[in-house]
Amino acid sequence: MSAGGGSGGKREPSLHQLRLFLVLAQELHFGRAAARVYVTQPAFSQQIRSLEQRLGVVLVERGSRNVRLTAVGQSVAEEARTVVDAMARLRQAADRHAGAARGLLRIGSLGAEAAMPYAQAILAHLRGRHPDLEIEVRNLTFVDMFSTLLAGEVDAAFLRGPLPGGIQSLHLASETRVVCLSADDPLADRDILTLGQLADRTVVDMPPEVPRSWWNHLTVNPRPDGTRVRFGPVVRDTEAMVLAVTQGGAITFLPAAARRLYPREGITYVDCPELGLSTAELAWLPDSRDEPAVSALREAARQTVQQSGSATLEERQRRA
C-alpha cells in the first residue's frame, strides 16, 4: 500500500477534484463547468483526468460537445456528494468552536447582481476580514434563482425582491425601474412613460418554474385599472430578455442599473415612475444563518450597508 493509502500506487482523490467532478456531473459540459468555477477549460479537464487516474476508472464519456457520465461515474458522483457534504459538516462543526469562517461559501447571483457596487463592496469586505474563506459565485437564472437557494445548492444569494416565504434577507439597496423597449418604438423618444401608455404593449414572460406572483408583481399585472398584461416571448435570463426586446414585438421592465449593465444597440430605456422601486436583497435560509461562513457574509453585508448610509438595515424574514 502506498503512503497515500491507495492500492496499486494510486493516490487518493482530492476534495477539490470531487467538487469539480460534481459540477461537471451537473453541467455535462466542460466549458460551462469550467466557467462556473472560474478556471480555464484545459485546467478543469486536467483535474478530471487526474481524478480518473487516481481512481483507476473512466468517469465520463467525452463527446464533441457534451459529456455523459459512465455507470461508474454516476456511482462515484453519488459517493462524491456524500464526501463533500460530510467534509462541509466537519468544517462547520470545527468553525463553530473556533469562531472562524473558513471553507467554501457558495453565493448565487441573479444575472449581474454580484457585479453591482454594493455586492462588490460586501465581497471585498468579506475577503478582507476572512482571507481563509473560499468564495464561489454562481450565476443564477430566473428559473433557478429561488430553487437553488431553497435546495441548499448555494449558501446565500444576491437576488431581487419580492422574495418567497421561507427565505430571510438583508435589504441592500433600492432603485427606480425603467421600461426597456425597441429603439424604433413610437414611445422610445419620451422622457417618462405611464402604464396607461404601455397598455397595448406585449411584455416578455417567464417560464412556468418562476413564481407567478414574483413576475406579476414586477410587471404590475393586473394594472391599476384591472386590465391584464399581455405576455409574449418567454425568457430565462436578462440577456435573453434584452435580446427579445431588440428583436421587436415586446417590452420589459428592469432596474435602472440596466442602462449601465445592458446597453444594447436597438433598445432604449425610459423612466416609468408607476413601476415603483426595485429592491436588491442578500438572501439566505433560516437554518443556515448562523453557520460561520453565512454569518460572516451577513455581518459583512450589514456593515457595508451601514457604512453606505442606507436607512434600511433590519434583517427580516420574507413571507408570501
Side-chain angles (χ1 to χ4, degrees), residues 106-123 137-151 153-180 203-221 229 231 234-245 251-262 269 271-285 297-298 301-302 304-305 308 310-320:
R106 303 162 303 171
I107 304 176
S109 170
L110 175 60
E113 283 301 299
M116 296 293 285
Y118 45 78
Q120 287 294 298
I122 291 169
L123 294 177
V137 178
R138 181 184 302 183
N139 185 62
L140 304 178
T141 68
F142 297 130
V143 172
D144 62 9
M145 59 181 172
F146 297 136
S147 61
T148 300
L149 178 62
L150 291 168
E153 296 176 23
V154 295
D155 304 299
F158 292 112
L159 300 175
R160 290 278 171 163
L163 305 183
I167 294 177
Q168 293 181 336
S169 68
L170 175 68
H171 178 72
L172 302 178
S174 295
E175 63 181 306
T176 58
R177 298 203 295 141
V178 295
V179 184
C180 175
V203 180
V204 296
D205 203 3
M206 293 284 120
E209 297 91 340
V210 178
R212 200 68 221 174
S213 59
W214 183 81
W215 192 229
N216 282 339
H217 174 86
L218 295 181
T219 56
V220 195
N221 182 41
V229 172
F231 290 106
V234 175
V235 300
R236 299 173 63 90
D237 55 44
T238 308
E239 284 288 355
M241 178 182 285
V242 173
L243 177 61
V245 175
I251 67 170
T252 193
F253 308 125
L254 287 167
R259 285 187 166 113
R260 174 175 58 86
L261 296 172
Y262 300 98
Y269 295 98
D271 292 331
C272 182
E274 290 179 275
L275 290 173
L277 298 178
S278 175
T279 60
E281 311 283 336
L282 173 65
W284 62 87
L285 297 182
L297 174 62
R298 289 172 45 233
R302 187 191 66 80
T304 300
V305 171
S308 72
S310 173
T312 305
L313 301 176
E314 180 185 3
E315 292 176 3
R316 59 209 182 273
Q317 187 168 7
R318 301 285 191 170
R319 298 192 181 277

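For the single chain, residues carry numbers from 1 onward in sequence order. A quick note: this is a predicted structure, and the numbers were derived from the prediction, not measured.
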For residues Asp144 and Thr141, is any side-chain donor paired with an opposing acceptor at under 3.5 Å?
yes
Within-4.5 Å side-chain heavy-atom neighbours: Tyr118 and Val305:
no
If we ignore hydrogens and angles and just use 3.5 Å, is the side chain of Arg106 paired with the main-chain N or O of Glu153 as donor and acceptor?
yes
Looking only at heavy atoms, which two atoms of Gly161 and Glu281 are closest? And how far apart?
N-CG, 4.2 Å
For the CG atom of Leu150 and the CE atom of Met145, what is their distance to the nearest 0.5 Å?
11.0 Å
Measuring from Asp155:CG to Ile107:CD1, what's the distance to the nearest 0.5 Å?
8.0 Å
Is any side-chain N of the basic residue among Asp271 and Arg259 closer than 4.0 Å to the acidic one's carboxylate O?
yes
For the CZ atom of Arg298 and the OG atom of Ser169, what is their distance to the nearest 0.5 Å?
11.0 Å
Between the OG atom in Ser278 and the CG atom in Leu254, the distance rounded to the nearest 0.5 Å is 9.0 Å
Quick one: pull up CZ in Arg302 and CG in Leu297 and give me the separation to the nearest 0.5 Å.
13.0 Å
Is the ring pair Phe146/Trp214 parallel, tilted or perpendicular, if the boundaries are 30 and 60 degrees?
perpendicular
At their closest point, which heavy atom of Asn139 faces which heavy atom of Gly111, and how far apart are they?
OD1-O, 3.3 Å
